[in-house]
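Here is how names work: the chains are called A, B, and so on, in the same order as the sequence lines, proteins then strands, and each is numbered from 1.
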Number of protein chains: 2
Amino acid sequence: MNVLEKARRMLKAKAVRPTMIRVRLLAYLLAHPVHPTADQLYQALLPGFPTLSKTSVYNTLDKLLEVKLVRLITIDEKETRYDAGTGVHGHFLCKHCSDITDFAANPDYTGCTELSGYQIDDCNVYLTGICKVCLQNINKTQKEEKAV
Amino acid sequence: MNVLEKARRMLKAKAVRPTMIRVRLLAYLLAHPVHPTADQLYQALLPGFPTLSKTSVYNTLDKLLEVKLVRLITIDEKETRYDAGTGVHGHFLCKHCSDITDFAANPDYTGCTELSGYQIDDCNVYLTGICKVCLQNINKTQKEEKAV
DNA sequence: TTACAATATTGTAACCATTACAATTTAATA
DNA sequence: TATTAAATTGTAATGGTTACAATATTGTAA
């Protein structure tokens, strides 16, 4: 089953009309788990969908958020990112290359005294730092500078 | 020691000039751990500091962030909030009343395979849901509606 | 199929938090 | 006091997001 069909079924399962935009946008998110911004989604879908408007991207994302097929990621305060990845997982933002890496995280705060009696609907774990690749590049550069 | 003096000492310890704005803003954050927005800080400080400008609030926050006396909270994608609370703790956002509650959280992801070799500098845990008080109000309202 | 109503999409303009920048003020040092 | 660096301010711009009205599309029923 290709990703378009998969997206179509996911939408139907949530009783959301599987319109062109919705299917394509969800399919893109499923096929490209890189947490794109709204603008990146717009730019990516535009070639295959020339009548697409930015507003429609936002409308579509709102609808997908509403039925929880998509999650918001606010790890970067500059712009919101979107993720169709299911299941709880954390996000690591590299301050050097701005890439976001997923990692396994399923924290349990039900026993937390401060939150006793609270209804917890959603959980996001955001880490920031420097990723492996950037660390290696930085080390390499420093050695070269020393050598000079 | 009052909170202004405490703020002054914290700034000196970080080698940041304890200017009027910085001392007052940090003191306000220490005394009001409610995670205000930049605009809320501006409105709160303005009466006691009529020449204050919005830009200065942002500049001051940037400086305090730089020396890590303040943390960013991006749990709400609409606007950034600021927190002078020290130590790792999580934030719970009530979707009903928009209040943010702190809770103890000190997750350890150093053993996480996906992040092996990564340098982790900062950690934020964001939960959303409905707080105790709002849950009780909702229940009360529902009972009253049933009674009618 | 056709007509109608509901829903979805689009373009434009507005909104608003944040930032850029240049001018002014304040503070530190000699 | 003079000099210089740092801090503060006001204005204008930036840019992601949203409001809204017009248009297009879809689903349903006759």
Side-chain angles (χ1 to χ4, degrees), chain A residues 7-8 11-12 14-28 35-67 69-83 93 98 100, chain B residues 7-8 11-12 14-28 35-67 69-83 93 98 100:
Chain A
R8 204 170 279 121
L11 289 165
K12 278 185 184 169
K14 292 282 187 176
V16 175
R17 267 198 215 163
T19 64
M20 191 81 118
I21 299 181
R22 289 171 183 170
V23 172
R24 291 206 187 188
L25 194 149
L26 181 54
Y28 185 89
H35 322 92
T37 64
D39 187 63
Q40 286 169 342
L41 285 166
Y42 174 69
Q43 300 298 341
L45 297 175
L46 196 58
F49 197 152
T51 64
L52 185 66
S53 75
K54 203 84 158 281
T55 305
S56 295
V57 172
Y58 281 106
N59 288 341
T60 304
L61 286 169
D62 282 347
K63 177 59 82 174
L64 296 181
L65 285 168
E66 191 185 313
V67 298
L69 284 176
V70 164
R71 281 170 69 195
L72 272 183
I73 302 177
T74 58
I75 193 170
D76 181 354
E77 74 272 18
K78 306 291 177 195
E79 47 195 358
T80 305
R81 294 167 172 278
Y82 300 90
D83 185 1
L93 171 67
S98 299
I100 295 181
Chain B
R8 203 170 280 121
L11 289 165
K12 278 185 184 169
K14 293 280 186 176
V16 175
R17 265 198 218 163
T19 64
M20 191 81 119
I21 299 182
R22 290 171 183 170
V23 172
R24 291 207 188 187
L25 194 148
L26 180 55
Y28 185 88
H35 322 91
T37 64
D39 187 64
Q40 285 169 344
L41 285 165
Y42 175 68
Q43 300 298 341
L45 297 175
L46 196 57
F49 197 152
T51 65
L52 185 66
S53 76
K54 202 83 157 282
T55 303
S56 295
V57 172
Y58 281 106
N59 288 342
T60 304
L61 287 169
D62 282 346
K63 176 58 84 175
L64 296 181
L65 286 168
E66 192 185 313
V67 298
L69 284 176
V70 164
R71 280 171 68 195
L72 273 183
I73 302 177
T74 59
I75 193 170
D76 180 354
E77 75 271 18
K78 306 292 177 196
E79 47 195 356
T80 304
R81 295 167 172 278
Y82 300 89
D83 185 1
L93 171 67
S98 299
I100 295 181

Review point. Between B:K78 and D:dG16, is there a side-chain N or O to OP1/OP2 distance below 4.0 Å?
Key: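 Result: no.
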
Between [N] atom [atom2] and [X] atom [atom1], what is the distance in whole Å?
X: A:Y58; N: D:dT17; atom1: OH; atom2: P; answer: 3 Å
X: A:L65; N: D:dT17; atom1: CG; atom2: C1'; answer: 13 Å
X: B:E66; N: D:dA7; atom1: CD; atom2: C1'; answer: 13 Å
X: B:K63; N: D:dT8; atom1: NZ; atom2: C1'; answer: 13 Å
X: A:D62; N: D:dG16; atom1: CG; atom2: P; answer: 17 Å
X: A:E77; N: D:dG16; atom1: CD; atom2: P; answer: 14 Å

Practice item. Considering only heavy atoms of chain B and a distance under 4.0 Å, specify the first and last nucleotide of DNA chain C in 5' to 3' order that meet this criterion. Key: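 So the outermost contacting nucleotides come out as C:dA17 to C:dA28.
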
Practice item. Only counting residues at least two apart or in another chain, list the ones meeting side chain to side chain donor-acceptor pair (under 3.5 Å) with B:T74. Key: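 With neighbours one apart ignored, the set is empty.
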
Point to revise | All pairs passing ring pair (Phe, Tyr, Trp, His ring centres under 6.0 Å) where residues 36-58 of chain B contributes a residue, at least two apart | key: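 Output for this query is empty, none listed.
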
Practice item. For DNA chain D, determine which residues of residues 36-56 of chain B have any heavy atom closer than 4.0 angstrom to one of its atoms, and list them numerically. Key: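 Result for residues 36-56 of chain B: B:F49, B:T51, B:L52, B:S53, B:T55, B:S56, sorted by number.
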
Check your understanding: In degrees, rounded to 10°, what is the bend between the two ends of the helix from C:dT1-D:dA30 to C:dA30-D:dT1, using five pairs at each?
Key ->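 That helix has its two terminal axes inclined by roughly 30°.
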
Check your understanding: Partners of B:E77 by salt bridge (charged side-chain N to carboxylate O under 4.0 Å, His left out), sequence neighbours excluded?
Key ->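 For B:E77 there are no salt bridge (charged side-chain N to carboxylate O under 4.0 Å, His left out) partners, ignoring immediate neighbours.
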
